[in-house]
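By convention in this document, chain letters (A, B, ...) are assigned in the order of the sequence lines, proteins followed by strands, and residues within each chain are numbered from 1.
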Amino acid sequence: MSLNKEEILKIANLAKLELSAEEIAAFPSQLSDILAYFDKLTSLNLKNVEPFISELNQQKVLLRTDEVGASDASIKDQFVKVESDYLVVPQVLARFDARQAKK
Amino acid sequence: MTDNKFSNLNIDQILAGFKNKTFSSFELASYYLARIKNDKLNAFISVNEHVLEEAKQADQKIAQGEMALLTGVPIAIKDILLVKGQRATGASKMLANYIAPYTATAVKRLEDQGAIILGKTNCDEFAMGSSNENSAFGPVLNPHDITRVPGGSSGGSAVAVAADLAPIALGTDTAGSSRQPASFCGLVGLKPSYGRVSRYGSMAMASSLDQIGPMAKSVKDAAYLLQVIAGKDKYDLSASYNTVPDYLNLLKTQDPHKLKVGLPKEYFSDALAPSIKQALDKTIDFLHEQNIVVEKVSLPYTEYALATYYILMPAELSSNLARFDGLRFGHHESNDLNLDDWYKKVRATGFSAESKRRIMLGTYILSAGYYDAYYKQAQKLRTVIKQDFQKVFTKVDVLLTPTTPTTAFKLDEKLSDPLSMYLADIFTVSANIAGICGLNLPMGVDENKLPIGIQLLADAFQEEKLFVLGNFIEQNII
């Protein structure tokens, strides 16, 4: 399995990463080398093997009761942008114009 | 090394020093602080500004006889773990100025037992790497040869202890990140069983593999640390309810001669550096002399472990690192960008090339059409690798293997070839995949005076076996 430049750009878009020119040049061969290393594994016949799900199945883990606690106000100190008690983020949804939609 | 009463102390020597009034916690913390300030190896990212005050308070407690297990003992913490009010960078530009709003459970337990935190140690960004060259705060140098890497990702914690900037440290281990740098720096490094130590307050890399691990100058010091940090935690349901044994007592009372040792043939290939092979032979000869049962065993799926890891880890990591979007905390953009461009810009400028490489790989592995071929196949491999160990541990108690294929390599040597860098984890990674525990034990030096490490592996929640055998070997042949 090898990846070309177009595939690298597609994955970068899915991963929400902007790549530099150097990264776009280096990643196809670097990632293809790593994928080639996986070939020994993907070609192995494991038809009758159950995939591992979680270590927690084997361990004694008890669910605790859900308790309401106070949140720590110092969390706000790390907010990128604050207005009173609110975290301000860039606009997530585009403005929907009903009149435009009718036309 | 300077020859004074503070140099290269272990925990027992520190506690005796306090008890006999040979020195105070304040004097000891001042010694380490001075060494950290003069450090040219780049082991620390930040220093705890309150450490001397805290040492004074510890001295008062000692004077009043109110001592807990580690009262006044200084410790260095890998900058992957959160300490309330202190910077927590993950060695990433993403969190360069982030102040932790709470303390990791493992660290809190150390504080509750009186330990004082010297500062936060350098590492590979978000614990990704095997050389500590992937840090936004620059590489860490190996104290045994400054042209070489200290190993990674817990390179700063390893160097802090090896260069006597701290007596003990916490690292983390996802594929060998505490054992491999311990091996390169001549220390004891432990990867506890999955679930043995709470990861609350530890930055997540690959959640099904990550563990917090002690790094120390002796097996007993590692046992002290695990004793304190292990156990259930209401903030991390992956932390097991299994009882924490009294490791320090078992270390004194258990007979190492009763343990059976296995040598998995897959770990003893011709590719192993001759000096490491000799160190293993020396250990095996010693075990024979002691009439400890040593037998050859086999873990047939060993050769697939590293490829399995490099599928599972990026898949989990690409999901875990999705939280770094610059919207709520950490590195962000000031431009008035639309949401999609904001994400892309923040992540392009905040992550290193290695992080991006692994996020890309994980995104690809989890993408439609490839999930079954890669991720599901890797999870099946995980099942058979675990079965390998389960079978072997019905026959023997502890496995003896090399920790790394070579001793410390040169800076820049593997930086442009990620795959060769990944191979540094080839002997350590299986323990994480199988959820078992592993310990690096230093075993002499090679022809370049570089430390050699050997690895002991035991079944999940059998850390005491590693301590008992490790301590016995340490006391008799190191």
Side-chain angles (χ1 to χ4, degrees), chain A residues 1 3 7-8 10-20 22-23 26-27 30-31 33-44 46-56 58-64 67 72-81 87-94, chain B residues 84-85 98-99 101-102 194-195 208 234 237-238 240-242 303-304 306-308 310-311 318 322 325-330 332 336-340 342-345 347-348 351 353 356-357 359-364 367 373-374 376-384 386 418-419 422 435 460:
Chain A
M1 195 68 208
L3 294 171
E7 286 165 310
I8 290 290
K10 188 182 161 211
I11 302 163
N13 186 48
L14 288 172
K16 301 280 180 250
L17 281 173
E18 186 182 88
L19 299 182
S20 67
E22 294 80 34
E23 285 160 347
F27 279 3
Q30 285 181 347
L31 294 184
D33 280 356
I34 298 167
L35 290 177
Y37 183 65
F38 296 160
D39 283 347
K40 66 192 289 185
L41 189 149
T42 50
S43 57
L44 210 61
L46 296 171
K47 241 186 207 162
N48 300 319
V49 176
E50 282 295 307
F52 170 88
I53 303 296
S54 171
E55 204 68 55
L56 303 182
Q58 275 100 59
Q59 287 173 19
K60 193 176 155 195
V61 175
L62 304 172
L63 293 176
R64 64 174 166 85
E67 291 159 358
D72 189 330
S74 69
I75 251 168
K76 249 183 357 182
D77 299 342
Q78 301 307 313
F79 280 0
V80 168
K81 203 174 167 193
L87 164 69
V88 182
V89 299
Q91 186 176 336
V92 174
L93 299 171
Chain B
K84 188 177 169 71
Y98 181 73
I99 308 292
Y102 65 98
Y194 188 80
S208 76
K234 68 173 176 175
L237 287 182
S238 74
S240 170
Y241 278 64
N242 285 356
E303 65 168 307
Y304 302 104
L306 194 66
T308 301
Y310 273 96
I311 290 174
S318 66
D325 56 13
L327 289 181
R328 292 152 296 143
F329 58 88
H332 54 272
D336 193 17
L337 298 165
N338 73 42
L339 195 63
D340 213 46
W342 167 284
Y343 286 144
K344 287 178 180 170
K345 190 67 92 184
R347 291 159 65 78
F351 287 133
K356 288 183 215 171
R357 202 154 34 223
I359 291 170
M360 293 280 291
L361 201 54
T363 306
Y364 176 73
S367 64
Y374 292 114
K376 200 170 169 193
Q377 181 77 350
Q379 290 288 59
K380 287 181 170 189
L381 248 312
R382 195 166 187 178
T383 300
V384 293
K386 282 177 74 76
L419 191 55
Y422 297 169

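Both the backbone and the side chain of A:F79 come within less than 4.5 Å of a heavy atom of chain B. In this structure, the portions of A:N13 lying under 4.5 Å from any heavy atom of chain B include both its backbone and its side chain. Neither the backbone nor the side chain of B:Y102 comes within contact range of chain A; no heavy atoms are under 4.5 Å apart. For A:I75, the parts lying near chain B are the backbone and the side chain together; criterion is any non-hydrogen pair under 4.5 Å. Interface remark: A:L19 contributes side-chain atoms only to the contact with chain B (heavy atom separation under 4.5 Å).
Using a 4.5 Å cut-off on side-chain heavy atoms (C-beta onward), A:F38 and B:I311 make contact. The shortest side-chain heavy-atom distance between A:F27 and A:I11 does not fall under the 4.5 Å cut-off. Between B:K84 and A:D72, the closest side-chain pair of non-hydrogen atoms falls below 4.5 Å.
Heavy-atom pairs under 4.5 Å with chain A were tallied for B:Y343, B:Y304, B:F329; the largest tally goes to B:Y304. For chain B, the option among A:E22, A:K76, A:E50, A:K40 with the highest count of heavy-atom pairs below 4.5 Å is A:K40. Counting heavy-atom pairs under 4.5 Å between each of A:Q78, A:K10, A:E18 and chain B puts A:Q78 at the top. The candidate with the highest count of non-hydrogen atom pairs below 4.5 Å against chain B, out of A:L44, A:L87, A:V88, A:I8, is A:L44. Put simply, of B:I359, B:L419, B:D325, the one with the most heavy-atom pairs under 4.5 Å next to chain A is B:L419.
Residues passing the side-chain hydrogen bond (donor to acceptor under 3.5 Å, both in side chains) test with B:K376: none are found, sequence neighbours excluded. Listed by chain and residue number, nothing satisfies the salt bridge (charged side-chain N to carboxylate O under 4.0 Å, His left out) test with A:K81 (two or more places apart in sequence, or in another chain).
Ring geometry for B:Y310 against B:Y422 counts as parallel: the plane angle stays under 30°, on a 0 to 90° scale with 60° as the upper cut.
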